[in-house]
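Just below is one structure, and these are the notes that go with it.
Since the model is a prediction, treat every value here as computed from it, not as a measurement.
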Amino acid sequence: MQTPKITRRDALRGASAALTLAAAKAAFPGGAFAQSAEPETRTVKLGYIALTDAAALIIAKEKGFFTKHGLPDAEVLKQASWGATRDNLVLGSEANGIDGAHILTPMPYLISTGKVTQGGVPTPMYILARLNLDAQAISVAAEYNGLKLGLDSSPLKDAFAKKRAAGGDPKVAMTFPGGTHDLWIRYWLAAGGIDPDKDVSTIVVPPPQMVANMKVGTMDAFCVGEPWNAQLINQKLGYTAANTYEIWNKHPEKALGLRAAWVDKHPKAARALLMAVMEGQAWCDKLENREEMCRIVGTRAWFNVPVADILPRQRGEYDYGIESKVVTDSPGIMKFWRDHASFPFKSHDLWFIAENMRWGKFETNTDAKALVDKVNRSDLWREAAKTLGIAASDIPASDSRGKETFFDGKVFDPENPQVYLASLPIKRIA
């Protein structure tokens with residue numbers, strides 16, 4: 001039998017695969033990496049918004065993790081807004097849309113129930129992983145420099161009232177109704193006695209357009225992920241009032257959301273996708289990789305944003321942009337893997353549903369637990385983790401992280417969300 005000829009390209013490809021496998025074992029030292037069965041498809045179409053917490057998907061593409069796990073034709077496609085992401089998820093890749101996305105955690109629930117889809121038609125979704133914890137921010141216009149705003153938003157109440165009395169219309173921006181940024185800024189305003197539906201006008205602005213809109217005076221404050229808060233400061237247009245970890249320490253943020261139909265049809269590919277993204281998260285989480293990560297996502301192909309707007313906060317360096325308020329080693333640094341950042345705790349999703357009950361997006365009689373059990377596929381995460389060789393000690397024993405405490409002393413008990421809802425100061429529910 002003739003020995004096949006090994007070309008230089010084959011040798012380089014083999015060496016690259018060996019290095020990648022070695023890196024995977026180093027990232028997940030709990031056990032030997034076990035190659036999963038061949039995926040049913042070689043491709044998946046994933047959407048992303050130009051936000052730093054999409055980095056794990058971008059790195060999985062750039063570093064070949066999708067290819068390693070049998071998805072060489074995986075695509076990571078920029079979306080214009082969260083509304084566009086929703087519309088493309090409803091279409092699915094078979095209708096020129098997408099199969100999944102880097103997505104605001106509540107959106108798969110809002111889409112699955114038809115709360116935000118055309119005609120109210122549900123498109124079943126699954127959450128397969130969380131993509132990050134912490135590191136969003138609430139920013140305010142330079143007009144309010146004198147208020148020196150922080151976690152206490154109450155000084156804005158009089159400022160907004162005076163603006164209204166003078167014929168103005170104070171506006172706060174978020175990125176999608178019922179999404180994480182909407183909920184963070186509502187929580188912050190309401191804790192300070194400001195009704196987000198009556199005392200201000202709440203508007204929707206896509207993340208990459210926040211700074212440009214602030215520049216022309218479209219809004220007074222906004223909540224969004226990075227790098228747009230840092231860019232606002234670098235352009236001297238405003239400052240950061242709060243890093244969202246200050247509202248809820250180690251809070252969940254974006255998720256990896258997939259159409260349920262795609263996952264059900266391609267269970268092996270879904271596991272392969274999860275493993276690739278997990279490796280991307282572990283790589284991004286290492287501080288020694290953060291500069292390279294920022295250089296990659298900042299390129300024209302991905303965000304088209306200067307590295308100077310991205311890197312400092314990814315190193316934990318937070319210049320709040322007002323009176324030398326600078327934190328050089330912030331505990332609110334974006335977490336991609338540490339602190340179980342990747343695991344989709346069901347208790348976290350229960351909080352998002354409770355807050356959307358608070359503001360009228362879900363009915364108060366919604367069976368939140370049943371809905372979470374239907375959408376949140378923590379079981380698939382556990383399967384992928386075991387296949388990837390993640391140590392059992394690094395896989396959460398429970399789907400609940402237990403009670404959570406917020407900056408204003410409110411406590412969310414996932415076993416009794418109604419008690420939490422009853423304790424809140426401003427709400428749309430009876």
Residues Arg86 and Thr117: side-chain donor-acceptor under 3.5 angstrom: no
No-hydrogen, no-angle side-chain donor-acceptor test under 3.5 Å, Asn229 and Thr240: no
For Ser378, side-chain contact (heavy atoms from CB on, under 4.5 Å) partners two or more places apart: Phe343, Pro344, Lys346, Asn376, Asp399
Pair Thr328-Glu317, side-chain donor/acceptor within less than 3.5 Å: no
Donor-acceptor under 3.5 Å (Asp220 side chain, Lys171 main chain): yes
Output field: ring centroids Tyr126/Trp262 closer than 6.0 Å: no
Asn88 side chain to Gly47 backbone, donor-acceptor under 3.5 Å: no
Derivation and outcome, side-chain contact (heavy atoms from CB on, under 4.5 Å), residues Leu258 and Leu273: CA-CA 10 Å; Leu258 273 292; Leu273 169 61; 3.9 Å; yes
Name the atoms and distances for all side-chain donor-acceptor pairs under 3.5 Å in residues 207-219, with sequence neighbours left out.
unit_1, atom_1, unit_2, atom_2, d
Asn213, OD1, Thr218, OG1, 3.3
Asn213, ND2, Gln209, O, 2.7
Thr218, OG1, Asn213, O, 3.2

Partners meeting salt bridge (Lys or Arg N to Asp or Glu O under 4.0 Å) with Lys162 (sequence neighbours left out): none
Candidate list Glu253, Glu355, Gln136, test side chain to side chain donor-acceptor pair (under 3.5 Å), partner Trp184, passing option: Glu253
Under 3.5 Å donor-acceptor, Thr244 side chain and Ile247 backbone: no
Arg130 to Ala341 - nearest heavy-atom pair and separation: CB-O, 3.1 Å
Under 3.5 Å donor-acceptor, Thr299 side chain and Arg295 backbone: no
Atom pair CH2 (Trp188) and CG (Leu151), whose distance is rounded to the nearest 0.5 Å: 9.0 Å
Set of residues satisfying salt bridge (Lys or Arg N to Asp or Glu O under 4.0 Å) with respect to Asp182, sequence neighbours excluded: Arg186
Between Tyr420 and Phe412, ring centroids under 6.0 Å: yes
Geometric cation-pi criterion, Arg358 with Tyr187: 6.0 Å, 45°: yes
Polar side chain donor-acceptor pair, Asp349 to Tyr109, under 3.5 angstrom: yes
Flag, side chain of Gln281 to backbone of Leu131, donor-acceptor distance under 3.5 Å: yes
Any donor-acceptor N/O pair, Arg259 side chain to Thr123 backbone, under 3.5 Å: no
Main-chain N/O of Asp73 paired with Thr43 side-chain donor or acceptor, under 3.5 Å: yes
Exercise: do Thr175 and His181 side chains pair donor with acceptor under 3.5 Å: yes
Polar side-chain atom of Arg313 near backbone of Ile333 as donor-acceptor pair, under 3.5 Å: no
Whether Lys45 side chain and Val76 backbone form a donor-acceptor pair below 3.5 Å: no
Non-hydrogen side-chain atoms of Gln79 and Ile98 separated by less than 4.5 Å: yes
Phe66 backbone acceptor or donor facing Lys61 side chain under 3.5 Å: no
Shortest non-hydrogen contact between Asp197 and Arg428, atoms and distance: OD2-NH1, 2.9 Å
Verdict with reasoning, Ser330 to Asn243, per side-chain contact (heavy atoms from CB on, under 4.5 Å): CA-CA 10 Å; Ser330 174; Asn243 178 334; 4.1 Å; yes
Chi angles and distances behind the ring-ring contact (aromatic ring centres under 6.0 Å, His included) call for His102, Trp82: CA-CA 10 Å; His102 150 255; Trp82 292 119; 5.4 Å; yes
ring-ring contact (aromatic ring centres under 6.0 Å, His included) against Trp248, all qualifying residues, sequence neighbours excluded: His348, Trp351, Phe406
Any residue meeting salt bridge (Lys or Arg N to Asp or Glu O under 4.0 Å) with Lys335, in chain and number order, not counting sequence neighbours: Asp134
Nearest atoms (heavy-atom pairs only) where Gly332 meets Tyr318: O-OH, 3.7 Å
